[in-house]
Amino acid sequence: MKRSRSVISRVLSQPAPLPSLASHLDDVRLFRHAHCRGVLSDDVFPPVLAACRFSPSLSCQVHALMVKTSANLHPVPATALLDAYSRCGLLNNALDVFDGMALRDTVAWNTLISCLVRHGLAADAVSNFRSMAEDGVAFTGFTLCSVLKACASLCAIRLGKQIHAWVIGDGDGSVIMATALIDFYSGCGMIQDAFDVFRGLNCEKDVAIYNSLISACIENRQFKEAFSILRMMKPNEVTLTCALSACSESLNLTYGKEVHCVMIRHGFDSDATLCNAVINLYAKCGEVTSGRSAFELIPRKNVVSWTSIIEAYGSHGHGIEAWKLFRKMVEEESNNVSPNAVTFLSVLSACGHSGLVNEGRECFFAMSNKYGLNPGPEHYACFIYLLGRAGRIEEAWDLYYNLSLDSNKLNSAVSIAMLNACKANMDLVRGEQVAKHLMEQDAENPGSYILLSNFYAAAGKWEKAESLRRLMRERQLKKEVGNSQFDVMCCS
DNA sequence: TTAGGGTTAG
């Protein structure tokens with residue numbers, strides 16, 4: 001921020017700006033001022049792009065001005081533009097900027113790779129890392145941190161270990177690199193290697209690396225270790241969010257309440273991310289009312305806050321309350337929050353569990369018609385489950401049949417929902433068609449055999465039910481045994 | 001003057 005203000009003020013030939021101008025909005029205003037006075041130069045664009053990197057429309061407007069002044073032809077402003085597009089979600093614009101760059105230095109490649117990782121294109125990130133080397137551009141620690149993230153998503157252990165070996169050889173003992181390595185090993189399920197990186201670090205450890213190790217423990221279900229690390233450190237908001245996540249995952253409500261108290265004592269109770277983790281803790285541990293209280297106290301509720309509380313009610317069978325909250329979310333204009341795909345899934349699921357067919361239908365169609373969101377297979381599965389449970393087998397079948405014409409929209413979750421609908425409505429003919437799809441989609445999943453076997457058993461087709469169990473044994477497929485956990489409260 | 005690490009909802 002300091003840098004951006006000084007650059008702009010230099011352009012305007014003005015004295016140092018007032019401290020009150022230190023916001024993104026002020027940067028943009030100053031930029032507009034500079035533009036009106038016709039004093040735009042290449043070095044104005046990077047700080048302004050950093051200021052409007054969360055706004056697609058502002059990024060596009062600045063891009064237009066860059067074309068007008070030819071600033072887009074220079075690597076530094078062009079890289080800043082690529083980064084702005086990447087951060088505000090315009091992936092194709094970002095890639096076009098990179099393609100149009102005549103000179104691509106290390107930073108430009110790093111920004112591209114980081115952009116691809118941010119948008120979930122890990123394989124493309126790795127292939128561009130290789131292209132970078134082929135083009136003779138030297139990589140840096142920045143590059144490797146992004147590539148390690150891609151390796152974790154792809155579970156590319158070999159490449160990740162090669163990078164680790166290179167880091168050791170290069171003598172990069174930075175805490176940032178160590179954090180990236182911990183994330184990589186954790187993502188690949190190699191928690192001991194993550195601990196080895198942590199123990200082997202010779203420089204001062206900061207709060208982020210502790211947080212990373214706690215997250216690694218949670219991801220690998222090592223809750224005891226996560227709590228031990230917590231006791232050794234001075235927590236910040238992120239630490240407490242991780243701690244709450246550990247409590248939710250391990251259903252440790254007692255410790256979760258302690259963390260909630262610590263959070264209030266530290267004055268972190270207006271942090272939306274942390275408050276959302278509190279809602280999730282209470283919901284997972286069955287205390288929906290406490291979750292609701294936490295929700296009501298959040299000063300600026302975001303889409304995750306709303307979705308968390310809707311999910312909390314829905315998963316505990318309170319479909320009507322979940323529906324009411326959804327209506328409140330979309331009707332209160334002051335919220336300035338729109339439901340996303342996860343919100344719709346939570347609402348559909350809540351309606352399904354409570355038999356709210358009309359509400360579920362309204363929600364399903366509003367998703368695309370009103371909010372422009374394409375339902376994914378998980379939304380179709382939820383809606384078909386809801387229809388089947390309510391005896392609307394014809395409507396469920398029409399939807400399923402149309403989906404079966406487009407393989408991108410049909411997966412095993414949708415087929416399982418349809419098979420359950422057929423089972424609930426004793427529709428053997430359609431059920432057998434779905435069973436065929438399911439075995440094509442997921443023949444390695446023991447759950448599919450159990451489901452099909454149960455379907456035939458419910459229809460009285462015992463021989464078919466038994467033959468599926470036999471086939472499962474022959475293929476040595478074993479379903480993982482389910483388990484439940486509960487705390488026993490002792491009152492003296 | 002551009003790029004890298006830790007957190008929340010299904």
Side-chain angles (χ1 to χ4, degrees), chain A residues 3-4 6-8 10 41-50 53 71 74-84 86-87 97 101 105-115 117-118 139-149 172 174-184 186 206-216 218 235-246 248 268 271-281 283-284 298 302-312 314-315 339-350 376 378-379 381-382:
Chain A
R3 189 180 55 210
S4 66
S6 67
V7 168
I8 295 170
R10 202 167 63 232
S41 62
D42 290 352
D43 57 359
V44 175
F45 289 103
V48 169
L49 284 163
R53 57 180 30 165
H74 298 100
V76 172
T79 303
L81 179 65
L82 159 55
D83 189 52
S86 164
R87 287 177 195 268
V97 170
M101 287 174 76
D105 60 9
T106 298
V107 180
W109 279 99
N110 288 353
T111 314
L112 172 75
I113 292 169
S114 158
C115 164
V117 172
R118 179 178 293 122
F139 60 78
T140 62
F142 281 74
T143 328
L144 299 182
C145 284
S146 296
V147 178
L148 279 170
K149 263 195 176 180
D172 184 344
S174 74
V175 69
I176 292 180
M177 184 58 79
T179 308
L181 283 165
I182 288 173
D183 289 345
F184 157 69
S186 165
D206 62 11
V207 69
I209 197 165
Y210 276 102
N211 291 344
S212 173
L213 196 63
I214 292 170
S215 291
I218 299 168
N236 67 3
E237 295 97 317
V238 178
T239 320
L240 295 182
T241 309
C242 293
L244 287 169
S245 173
S248 309
F268 294 150
D271 183 305
T273 305
L274 192 44
C275 292
N276 295 342
V278 172
I279 300 174
N280 192 36
L281 164 81
K284 288 259 170 72
I298 304 176
N302 61 25
V303 64
V304 180
S305 318
W306 285 96
T307 307
S308 301
I309 194 66
I310 290 170
E311 173 64 29
S315 61
N340 64 18
V342 184
T343 318
F344 281 105
L345 194 61
S346 294
V347 180
L348 280 169
S349 168
E378 63 279 16
H379 298 94
C382 232

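By convention in this document, chain letters (A, B, ...) are assigned in the order of the sequence lines, proteins followed by strands, and residues within each chain are numbered from 1. Just so it is clear, the values below take in all heavy atoms, side chains as well, and ignore hydrogens, waters and symmetry mates.
Between the CZ atom of A/Phe184 and the CG atom of A/Leu144 there is a distance of 12.0 Å, given to the nearest 0.5 Å.
Side-chain proximity of A/Cys242 to the nucleotides B/dT7, B/dA3, B/dG10 is greatest for B/dT7. Checking B/dT8, B/dG6, B/dA3 against every side-chain atom of A/Ala277, the shortest atom distance belongs to B/dT8. Of the candidate nucleotides B/dA3, B/dT1, B/dG6, B/dT1 has the atom lying nearest to any side-chain atom of A/Val76. Closest to the A/Ala208 side chain, of the nucleotides B/dG10, B/dG6, B/dT2, is B/dG6. Here B/dT2 is the nucleotide among B/dT2, B/dG5, B/dG4 with the atom lying nearest to any side-chain atom of A/Asp105.
In this structure, A/Lys149 reaches the B/dG5 phosphate: one of its side-chain N or O atoms is under 4.0 Å from OP1 or OP2. The side chain of A/Asn280 places no N or O atom within less than 4.0 Å of a non-bridging phosphate oxygen (OP1 or OP2) of B/dT8. Contact annotation: A/Ser215 side-chain N/O to B/dT7 OP1/OP2 distance is under 4.0 Å. An OP1 or OP2 oxygen of B/dG4 is reached within less than 4.0 angstrom by a side-chain nitrogen or oxygen of A/Arg118.
In this entry the distance linking CG of A/Leu274 with P of B/dA9 reads 12 Å, nearest Å. In this structure, A/Ile310 atom CD1 and B/dA9 atom C1' are separated by 10 Å, rounded to whole Å. Nucleotide B/dT2 holds its P atom 15 Å from the CZ atom of A/Phe45, rounded to whole Å. Here the P atom of nucleotide B/dA9 and the CG atom of A/Leu281 are 11 Å apart, to the nearest Å. Spacing between atom CG of A/Leu244 and atom P of B/dT8 amounts to 11 Å, rounded to whole angstrom units. Between the CZ atom of A/Arg87 and the C1' atom of B/dT2 there is a distance of 10 Å, rounded to whole Å.
Remark: A/Arg87 engages A/Asp83 in a salt bridge (Lys or Arg N to Asp or Glu O under 4.0 Å) (not counting sequence neighbours). Here A/Thr307 pairs with A/Thr343 under the side-chain hydrogen bond (donor to acceptor under 3.5 Å, both in side chains) rule; sequence neighbours left out.
Within 4.0 Å of A/Ser308, counting heavy atoms only, lie sugar-phosphate atoms of the nucleic acid but no base atom. Residue A/Asp271 is classed as having no contact, given no heavy-atom separation below 4.0 Å to the nucleic acid. As judged by a 4.0 angstrom heavy-atom cut-off over every strand, A/Asn302 is placed among residues making no nucleic acid contact. No engagement by A/Val278 is indicated, since no non-hydrogen atom pair under 4.0 Å with the nucleic acid exists. Among the heavy atoms of the strands, none lies under 4.0 Å from A/Leu82.
With hydrogens and angles left out, the side-chain atoms of A/Ser212 and A/Asp183 include a donor and acceptor closer than 3.5 Å. For the residue pair A/Asn276 / A/Thr273, no side-chain donor-acceptor distance below 3.5 Å is found, with atom types taken as modelled.
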